[in-house]
Protein chains: 2
Amino acid sequence: MSDLPRIFAALSDPTRLAIVERLMRDGELPVATLREESEISAPAISRHLNVLIRTGLVRKRARAQQRLYSVVPETIRAVSSWTLDHRTFWEASLDRLEAELHKEMSRK
Amino acid sequence: MSDLPRIFAALSDPTRLAIVERLMRDGELPVATLREESEISAPAISRHLNVLIRTGLVRKRARAQQRLYSVVPETIRAVSSWTLDHRTFWEASLDRLEAELHKEMSRK
DNA sequence: CCGTTAATTAGCCAATATGTTAATTATAGA
DNA sequence: TCTATAATTAACATATTGGCTAATTAACGG
C-alpha cells in the first residue's frame, strides 16, 4: 500500500520537502502561503503539490477560491516505520558510538 | 552535514532501496551478490552504488578483485532523526486513530 | 454581470537520470 | 606471463523532471 520509493522521490525535491515540513509545523495552509517561502512560480508550486497529492503525502480541501493543503500523517508514518523496521541496524551503531565516547571520556 | 533531499533521492530508486535493505540485513556484500536480485546490467548496478557512495549511504572496501559494500549507519539514522523530529505530528494522528478504534470497540 | 483573486492546465525547453553495449582496469592463479 | 574473474568507465539513447510564460478555470464581491 505504501510505495516507499515514490514517497522518497516526493521528498527528494527541496521545495517539496520544505512544503511538507511547513505543513507539518503549521497545519493546513493555502497555496499562496506555501508559495511565499520559495522563489519559484505558482505553476511550479502547483505541480509540486500535485506530486505530493499523488504520493499520498498531502491532501487538498477547497475554501472559496483557496485550496488548503495539509499533510497526511499516515504516509509520513510509513517513512518512520521503515526506519523503525531497521532500527536494530542503526541502533547497534549508536551503541558502538556511545562506547567510543565513554572510552574517550575515561581516557581524560 | 546530512543532506536529506539527496538521501531521499538516493532511496527513491527501487534498485538502490533494495540494495540498501539487503546490505542492512546481510551486512557487507560484494557487487556480484547484489546484482543477483535485480535484472539490470553490471554497469547499471555500479552506477547505482556510486550514487549511494556519493550520498554517504554506503561505503566500499576492496578484497581481491571484489568490492565489498556496506551501509553507513549514521546516514540511515539521519532519516530516522527526521521522522523523530516530527514525531509529535504523526504520533498525534496515531492517538486519534487509537481513540477511534476504542470508540469502535465500545460500540460493539 | 464584471473585475479581481486564487490556482491550475497547456505548451515548451533544458538538465538530469537510467539503461544499454563495448572497452578498460585490476587482481588472482595456473 | 597469460587467462579468467570482478568491477568500473566510456559513449550513447531515451525518459523524466522541473522550470518558465501564457491561457484557462473557479469563486467571491461590488
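The chains referred to below are lettered A, B, ... by the order of the sequence lines, with proteins before strands, and numbering in each begins at 1. None of the values given here were measured: they were computed from a predicted structure.
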Phosphate-side-chain proximity, [X] and [N], N/O vs OP1/OP2 below 4.0 Å:
| X | N | result |
| --- | --- | --- |
| A:Lys60 | C:dT8 | yes |
| A:His48 | D:dT17 | no |
| B:Ser41 | C:dT20 | yes |
| A:Asn50 | C:dT9 | yes |

Sub-4.5 Å side-chain heavy-atom contact between B:Leu52 and B:Tyr69: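 In short, these two side chains do not touch, never coming nearer than 4.5 Å.
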
Heavy-atom check, side chain of A:Val51 versus side chain of A:Leu57, under 4.5 Å: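 Of all side-chain heavy-atom pairs linking A:Leu57 with A:Val51, none is under 4.5 Å.
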
Length of the [atom1]-[atom2] vector between [X] and [N], whole Å:
| X | N | atom1 | atom2 | value |
| --- | --- | --- | --- | --- |
| A:Asp13 | C:dT16 | CG | C1' | 13 Å |
| B:Leu49 | D:dT9 | CG | C1' | 14 Å |
| B:Arg61 | D:dA6 | CZ | C1' | 16 Å |
| A:Gln66 | D:dG29 | CD | C1' | 15 Å |
| B:Leu17 | C:dA17 | CG | P | 18 Å |
| B:Ile45 | D:dT8 | CD1 | P | 10 Å |
| A:Ile19 | C:dA7 | CD1 | P | 12 Å |
| A:Arg16 | D:dG19 | CZ | P | 8 Å |

Ring center gap for A:Trp82 and A:His86 short of 6.0 angstrom: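 They qualify: ring centres under 6.0 Å apart.
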
Closest listed nucleotide, where the reference is the side chain of B:Pro43 and the choices are C:dT18, C:dT8, D:dT9: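 Taking heavy atoms from C-beta onward, the closest nucleotide is D:dT9.
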
Listed partners of A:Arg22 passing salt bridge (charged side-chain N to carboxylate O under 4.0 Å, His left out), at least two apart: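 Once residues adjacent in sequence are excluded, the partners of A:Arg22 under the salt bridge (charged side-chain N to carboxylate O under 4.0 Å, His left out) criterion are A:Asp26, A:Glu37.
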
Return the polar atom pairs (N/O with N/O) between nucleotides 28-30 of chain C and the protein under 3.5 Å, or none.
residue	atom	partner	partner atom	Å
C:dA28	O4'	B:Gln65	NE2	3.4

Any sub-3.5 Å donor-acceptor pair from [X]'s side-chain atoms to [Y]'s backbone N or O?
| X | Y | result |
| --- | --- | --- |
| A:Ser46 | A:Ala42 | no |
| A:Ser81 | A:Arg77 | yes |
| B:Trp90 | B:Thr83 | yes |

Heavy-atom closest contact (A:Thr75 atom, A:Thr55 atom, distance):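 For A:Thr75 versus A:Thr55, the nearest heavy atoms are CG2-O, 3.9 Å.
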
Earlier contact from the 5' end, DNA chain D, for A:Ile40 and B:Tyr69: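 On the 5' side of the pair lies B:Tyr69.
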
Within residues 31-38 of chain A, residues whose heavy atoms come under 4.0 Å of DNA chain D: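 Under 4.0 Å from DNA chain D: no residue of residues 31-38 of chain A.
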
Sugar-phosphate, base or nothing in reach of A:Ala42, heavy atoms under 4.0 Å: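 The residue A:Ala42 makes base contact.
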
